[in-house]
Structure formats: C-alpha cells, structure tokens
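One structure is given here, and the rest of the page talks about it.
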Amino acid sequence: MNRKKITKAALSGLVAVTMVPAMAAPLVANAEGNDTTAEQSAQKVNVVIEFTIKGTGEVINVNADDLTVGAIVDLNQYVPEGYKLAQSSTTFVPVSNSDIIPAEIEEVSQTVIQKIVFMYNGQSVGGGDYFVTKGNNNYSVLEQYVPEGYKMTTSGDFYADGTNTIFVNVEKIYNASIIKLVFVDENGENVGGGDYFVDEDGDGIFNWSEVTAPAGYRFSETGDDFVEKYSATEAKEVRVEKINKGTIINVVFEDPQGNNLGGGDFLVDLDGDGVANYSELGLPMGYKLNVTGDFFVEEGGHYTVVLNREDAAIIHVVFKSEGGKNLGGGDYFVDEDGDGIFNYSELTLPEGYELIVTGDEFVDTEKTYEIVLNKEIEGTIINVVYVDEEGNNLGGGDFFVDPDDDGIANYSELDLPEGYELIVTGDFFVTPGKSYTITLHKITEEETAAATLVVRYVDQENGNEVVLEKTYDDQVGPVGETATYIEDVVVPEGYELVQDIEGIAADVEYGQTKVMYVFVTKTAQEPTQPGDEEEPNTPAEGTEESEQTDGTDTGVAMSLAGVFGTMSAALAGMVALLRRKQK
C-alpha cells in the first residue's frame, strides 16, 4: 500500500542538473544490452518524486515507497491535490533509493461566479454575475461583458472569490457621430433625451432605429435622417408619442448592505391608476424581491428597491468592540448553498476590526447575532484641525486617541502647536475618521522688569556727591510702560537742603534706571580753633568724575557753574511738580 508524505522545499540547481540522468539511466542500460536481471527487477526501492510547480519554481516532494526497480510508474497517483501533470504521466523506476524522479505540475484552475458592475461617471451602466477563474485575473477577461457602446478603462489585475463585487470603470466609445436630442411628447413636455451615438459607418446618414426612445414612447418619424441636421453640443427637439398608458419610473436596485445592483427606467402601471406592482420590474440575474405587492408611483419618480440573492439566507448582525461600543451591523446574505450553516468569514466587517471568533455557525433568520470584534490598531484615528481665536489655521493632522475604545477621548491626548494652549478641556466623543476643529489660545509671555530710581545728594559748595545714596526699585511691570515714584527726601546727617523740598517725584520706564540729584549744604557749626579747619574736598584741577548706570551718564563732576545752573532748574521743576500733586 503506497503512502503519500508531502513536504515543500526550495528548488536547487543540483536537482535541475540531475533530472535527465535519473530518467534516462534505465533506457541507456537496455540500449547497451545490459538487461536488468531478475534479481534486480524484483528489488524494491523507496524514491522521492520531485514535483516542480510550473511558473513559480516552487517544489513539492512526495515519497513513493515499495516501487519495483525498472518498472513503469504512473505519476498521476502521486500528484498533490489541486495540481495536474504538465508532462508525460509515466516513467521508469530508478535502481537506487537515493534517486529522484523529477516532474512538472501546474495548478488546476477553479471557476467561481463573480458579480461585476460596470460604472460610467459614477453610475452603473451594466453588469451581472459572470464565470471567472478563482484567484487573480486580468481585467481583460471582462472585455466580452462590457456594455455595448462602452470600452473598459480599468486595467491590471483583480482578485475573484465569488463573495466580493468588482466596480469596473468604462467610458463611451466615440467612433460614431454624437447627436444631442431632447424628446418631447404631444403636449410639448420634456420626457428625456441626451447624447446618442449614430452613423457607425460614417456615411453621414443614420436611422432612427439607432436611437433608443424613452420607455413607453415611440418616434413620430422613422427611417433615415442626415447627421448634419443635428449637433453634438446643442440639443434638438424630437417629437415622440406615448405607446400606451402607463407610468415611467426610475428604479435603483440595492442589496441589504446598500450595494448598487443596477437599475434603469421601467414602464409600470399600465392601467394608469397610479399603483404599480413590484412584479412589473425586471430584476438583475440571481436576485429576488425583498418586498412584494403594490406601491404608489408617479411619472418620473425615483425608487430604490432592495433585493435578496437567490437561495441565500439573511441574518441580522450587530458588531461590538471589546469595550462594548456599537460598531454597526445590519442584514447580511449568508449560506449561499442553503445547507443551514454559514461561516463568519462571509460577513463584511467594519474597517479596522477583525474577528475574535471564527468558523461556522447555524443560520437563524429570527436571531440577532452579536459579534465582538478586535481592533486591529489600538486607539481611534481622528483628524484634528487647530485654529486660533480669530479662525486662523494652526495646522493639525491625524491622532490616535481613545485607547480603551469606549468612544470617548480626552483633549489632553492631543499634541498642541508650540506656544498655544487649550481653551476647552476634558472628554469628548469621537468617531473614527471624523475631522474635529479645535480652537486654541495663544500663550503670551510678557517681558517684565523693575523701574529703578537712584537719588544722589550733592554738596552745593564743592559739587561733590555726599556718601548717602538712595535706590528705589520696588516697582516691577511690563517693559515699555512707566512707573511713578513719589518718595520722601532723606537728608544726610550733617547736611541740610538748599531748597525747601518736601519730596521727590519721577516717572521711570520699566527696565530703565533714572538718576536724580538733590543739593544739600553743610549745617552751621560752632567756630573752631585756628588750624582745625578741614581742607575743602575739591577735585583735582583738570579731572572729571563720571558714572554710567544702565546707559545713564550721571555727569557728576563737571564745572561748578554748569552743575549749579542745570540742577537748580531741575530742582525747581521737581518742587513745583510735587506741590501740584500734593494740592
């Protein structure tokens, strides 16, 4: 009894080189007259049949045991499932256990029924269920199904497994002439029209049979006509007559998931009572009505009709996240073979989620299936646009929020533009893929500094500064603005004011230093003994003392006349200011 042991391995160059000797050895031996002995013929060997998949180079090894040396073996019995031989099916059994029998195989193609929809400018213009090869196909295989008057613009490959729908793009063929028509009835009412291809042979003459009249109407005139009488850009009126009673309606067919199944204009309600029956509609192949009976109609009305796939069952499904959030759902077609069992893989899942539980389940059309899904990527992706309080765009982007998937995010999860802060904080509800506009407040870092007032005391007799100096810098504020100091005069010990000044007032900019001078003179003293007088403290002739504080030149040591004149005027003004403020 033969056993199959299938293993996969990479095809090596050595195998390719040894293919011919392995097959030709028995033939050469016979040609030289070295016939296999009876003992050799009875010998049993275990060999490996090396199947190489045509077109891919992939190798599948199959063990063939207890083969008689020199016998002819049919390789078909060892071919892996889903494949067929791409060469002769028989060969000789080699004489050694180490020999390999090479063979080439190819996949056996499977056919599925695939739903195809042809789209022109976003509208369905045809399609249906067609037999195609399961797996990857080139769009060229669909050329034979393209609606008349159109050509396919989609190219490349598509995958077919019979469960998905393929949206194929087409465009109109403009080899013939185009004429633009408007159809009007006996009452002059517009009942349709559009662009029409005519005169395919290009002789300048077309027949009215080439133009499709509106449903329920016929042309008042028939026969041939000249193309030149009509325009491709300006519509020309053409008279049509109503064939019989009835109402023309436009119908769009959809499945329970909302997928477009085609449609068009239909003539219904032939008795003219305003009531039609769903049975009057021509349905797409492979579908049946979900709702039956009568419905009200009006001329030119648009109606959406939901259809079920034949032989399939409909179940109601609610998808939920692991955190309990509702992720949607609806009615789904399952169990196309009608055996009462469906597989979870037949369901279309919300984007970004995957099944936790897989496998088969019994069909119960009265039950609501609650299916918990796992999120493929942690968090919810939302789009955020930042604006300032004047509505100016500050950037933004996509952000991952709501890691626990409960549908609630917090504003703190967002990365803000530098220099801005949130106006609104806390939680907010989020929907995957939705865009949110968030207003931010600009953070202003105002520069502040102290306003410094320095008061120095000058001896009027010699122009020298007295040791005492008072500094006031307790006022801090925005740079560029001004602080006002009103301070008491502090008289140095042993001196008295030259003028009667009750206080000092000065305006100083924040970040700046202002220096003010107050003139004093020594107080009168009792006469001293001769020789006790002190030398006056006067600067050496030709010297100059100056002091720079934050860019302010005090200019203390200048000629006495200049100092007295300048400072006396300043003092007089300051005293006047003080007295005005006190009043």
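The structure presented is a predicted model; accordingly, all values stated were derived computationally and were not measured.
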Under-4.0 Å salt bridge between Glu171 and Lys151: yes

Side chain to side chain, [X] and [Y], heavy atoms closer than 4.5 Å:
| X | Y | answer |
| --- | --- | --- |
| Phe183 | Val211 | yes |
| Ile408 | Phe429 | yes |
| Tyr436 | Phe399 | no |
| Tyr353 | Leu327 | yes |
| Ile178 | Tyr196 | no |
| Met119 | Asn260 | no |

Parallel, tilted or perpendicular: rings of Trp208 and Tyr230 (30°, 60°):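 Aromatic pair Tyr230/Trp208 classed perpendicular.
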
Do any N or O atoms from the side chain of [X] and from the backbone of [Y] form a donor-acceptor pair under 3.5 angstrom?
| X | Y | answer |
| --- | --- | --- |
| Asp199 | Gly204 | yes |
| Asn138 | Gly156 | yes |
| Asp195 | Lys180 | no |
| Glu299 | Ile248 | yes |
| Gln123 | Tyr120 | no |
| Asp225 | Phe206 | no |
| Thr154 | Asn169 | yes |
| Asn410 | Gly426 | yes |

With Asn121 via side chain to side chain donor-acceptor pair (under 3.5 Å) - residues at least two apart: none

Residues that Val318 engages under side chain to side chain contact (heavy atoms under 4.5 Å, CB included), provided they are two or more places apart: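 With neighbours one apart ignored, the set is His316, Lys320, Asn326, Thr368.
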
Phe253 ring center near Tyr287 ring center (under 6.0 Å): no

Audit row: Tyr217, Phe219, ring pair (Phe, Tyr, Trp, His ring centres under 6.0 Å) steps and yes/no: CA-CA 7 Å; Tyr217 291 86; Phe219 292 113; over 10 Å; no

More than 12 heavy atoms from other groups under 6.0 Å of NZ on Lys54: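 No - once you tally the heavy atoms of other residues, nucleotides and ligands closer than 6.0 Å, there are 12 at most.
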
Nearest non-hydrogen partners of Glu241 and Ser220, listed with the distance: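 Between these two residues, the closest heavy atoms are CG-OG, 3.4 Å.
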
